[in-house]
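In what follows, a structure is listed as C-alpha cells, so that the remarks can point back to it.
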Amino acid sequence: MAEADRDQLMTIFDRLFTAYGPRHWWPARTPYEMMVGAILTQNTAWTNVEKAIRNFEDQLSPEFVAAVSLEELAGIIKPCGYFNQKARHLKHLTSWFEAYDYDVSLVTRVDEQRLRQELLAVKGVGPETADSILLYALEQPFFVIDAYTRRLLTRLGWEVPVKYDQLQLMMEASLPRDTHLYGEFHALIVEHAKRHCRKSPACLDCPLEDLCRQRLA
DNA sequence: GCCCAGGGAATCG
DNA sequence: CGATTCCATGGG
C-alpha cells in the first residue's frame, strides 16, 4: 500500500508542477530572513508578512533584532498580527541562532534530529515552523505538514493521522528523501490551495479534479 | 460586519 | 493525553 501511496503522491506532484511550474521557495533574501518569515507567517496572510519585512528597511539582520527593543520590534512587525507574541518569539529564535554565531554553516554541522529538537524548544516554534526552517533555510530533508496538506490528502480519500509527526512520517516514508522535492512539493500544495477549492465546489480547471473523492472540506 | 490567513502557547479537564 | 482560548492585522 505504501507503493500505491508513493505513486499517487508523485502523480500529484507531477500534475501540480506541470500546472504551476517551479515555485522558487522560500521567498527570502537570506536564510535568517527566511527564519523570520516563518515566525511572522503563522496563521497570517503572506501579504501582511511582506509589509512587516518591508518595515525593517534593509535592517533585517540577527544583530539588529537582538539589539532592538521589544517594543520597537513589535511596532516594526505590526502589520503581520500577533505582534507582541511574535516579537518575543523572534528574540528567542535569534538567541538560538546566536549560539551558532549567526552562521548557517555552523548550524548544519549539528545532527538534524537534534537541530529539530533545539528549534522546537524555542518559544513560538512549533513543528511546522521548525520543519520550514529546517527545509528552506537549512536545506535538511523534512517534509512540511500544514492545513493545506491535510485538506488535500483528505480530499484524495486518505486516512490522515491527527498527529503532526505521524503524518510527516507517512509522507516521508512514501517519498524519496530529497530536500528539493520536499521543498517544491510543499510550495506547490500551497500554490494549489490558493487557487483552488478554497470555496466549494466550483473547482474550475483543477489539475487534481479527477483524483478528488471528497468535494470539499 | 464576517471570515480567514503558509500556527503555537497556555490553560484546564 | 484532548479540547478550548487567546493572540491581531489586513484583504475579500
Side-chain angles (χ1 to χ4, degrees), chain A residues 12-13 16-17 20-29 31-56 70-96 116-138 142-155 160-168 171 179 181-202 204 216-217:
Chain A
I12 291 164
F13 178 81
L16 295 180
F17 190 85
Y20 308 130
R23 294 286 85 208
H24 309 297
W25 263 31
W26 185 291
R29 289 194 247 109
Y32 179 71
E33 182 179 308
M34 184 274 142
M35 298 183 209
V36 169
I39 296 283
L40 297 187
T41 196
Q42 290 169 357
N43 204 36
T44 299
W46 181 254
T47 52
N48 288 1
V49 179
E50 290 179 317
K51 296 178 196 294
I53 289 184
R54 225 173 289 137
N55 283 346
F56 281 97
L70 199 57
E71 293 73 21
E72 192 175 341
L73 183 57
I76 291 170
I77 65 173
K78 192 165 194 166
C80 74
Y82 309 137
F83 45 83
N84 288 315
Q85 292 191 95
K86 286 175 178 176
R88 275 183 272 118
H89 297 161
L90 287 183
K91 288 279 194 180
H92 286 146
L93 180 68
T94 304
S95 295
W96 166 80
R116 189 170 194 265
Q117 292 310 310
E118 287 187 4
L119 285 167
L120 290 174
V122 175
K123 293 299 180 189
V125 176
E128 183 182 339
T129 305
D131 290 332
S132 294
I133 291 172
L134 285 162
L135 180 61
Y136 292 109
L138 306 177
F142 288 83
F143 197 94
V144 176
I145 305 298
D146 66 353
Y148 294 153
T149 310
R150 294 183 174 282
R151 193 176 68 186
L152 177 61
L153 295 177
T154 299
R155 285 187 181 157
V160 181
V162 178
K163 305 287 286 183
Y164 182 101
D165 288 1
Q166 287 185 33
L167 178 53
Q168 182 185 47
M171 296 300 284
T179 299
L181 172 67
Y182 289 179
E184 207 60 65
F185 209 155
H186 177 66
L188 286 167
I189 289 172
V190 174
E191 180 63 23
H192 176 68
K194 285 180 177 175
R195 300 202 197 191
H196 292 285
C197 307
R198 181 158 289 179
K199 30 189 166 186
S200 55
L204 265 47
L216 56 120

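Residues passing the ring-ring contact (aromatic ring centres under 6.0 Å, His included) test with A/F142: none are found, sequence neighbours excluded. For A/N55, the side-chain contact (heavy atoms from CB on, under 4.5 Å) criterion is met by A/I76, A/P79, not counting sequence neighbours. With sequence neighbours excluded, the residues that form a side-chain hydrogen bond (donor to acceptor under 3.5 Å, both in side chains) with A/Y82 are A/N43. Residues satisfying the side-chain hydrogen bond (donor to acceptor under 3.5 Å, both in side chains) test with A/W25, not counting sequence neighbours, are none. With sequence neighbours excluded, the residues satisfying side-chain contact (heavy atoms from CB on, under 4.5 Å) with A/T41 are A/W26, A/W46, A/V49. Contacts of A/E184 classified as side-chain hydrogen bond (donor to acceptor under 3.5 Å, both in side chains), with partners at least two apart in sequence or in another chain: none. For A/R23, the side-chain hydrogen bond (donor to acceptor under 3.5 Å, both in side chains) test picks out A/E191, with sequence neighbours left out.
At least one side-chain nitrogen or oxygen of A/N84 sits closer than 4.0 Å to the OP1 or OP2 atom of C/dA8.
The shortest non-hydrogen separation linking A/E33 to A/P27 is OE2-O, 4.4 Å.
The interatomic distance linking A/K194 (NZ) with B/dC4 (P) rounds to 17 Å, in whole Å. Distance A/N43 CG to C/dC7 C1': 9 Å, rounded to the nearest Å.
Residue pairs meeting the salt bridge (charged side-chain N to carboxylate O under 4.0 Å, His left out) criterion with at least one partner in residues 119-134 of chain A, sequence neighbours excluded, are A/R116-A/D131. Listed by first and then second residue, the salt bridge (charged side-chain N to carboxylate O under 4.0 Å, His left out) pairs that reach into residues 77-92 of chain A come to none, sequence neighbours excluded.
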Give each protein N/O atom lying under 3.5 Å from an N/O atom of nucleotides 9-12 of chain C, with the pair distance.
from	atom 1	to	atom 2	distance (Å)
C/dT9	O2	A/N48	ND2	3.0
C/dG10	O4'	A/N48	OD1	3.2
C/dG10	O4'	A/N48	ND2	3.1
C/dG11	OP1	A/K51	NZ	3.0

Could you go through nucleotides 9-13 of chain B and list every protein N or O atom that sits under 3.5 Å from one of its N or O atoms, giving the distance for each pair?
from	atom 1	to	atom 2	distance (Å)
B/dA9	OP1	A/G124	N	3.2

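Of the residues in residues 35-42 of chain A, those lying under 4.0 Å from DNA chain B by heavy-atom distance are A/T41, A/Q42.
Distance noted for atom P between C/dA8 and B/dT11: 15 Å (whole Å). On the P atoms, C/dT5 is 16 Å away from B/dC3, given to the nearest whole Å.
Under the 30°/60° scheme for interplanar angles, the aromatic rings of A/Y20 and A/H192 are found to be tilted.
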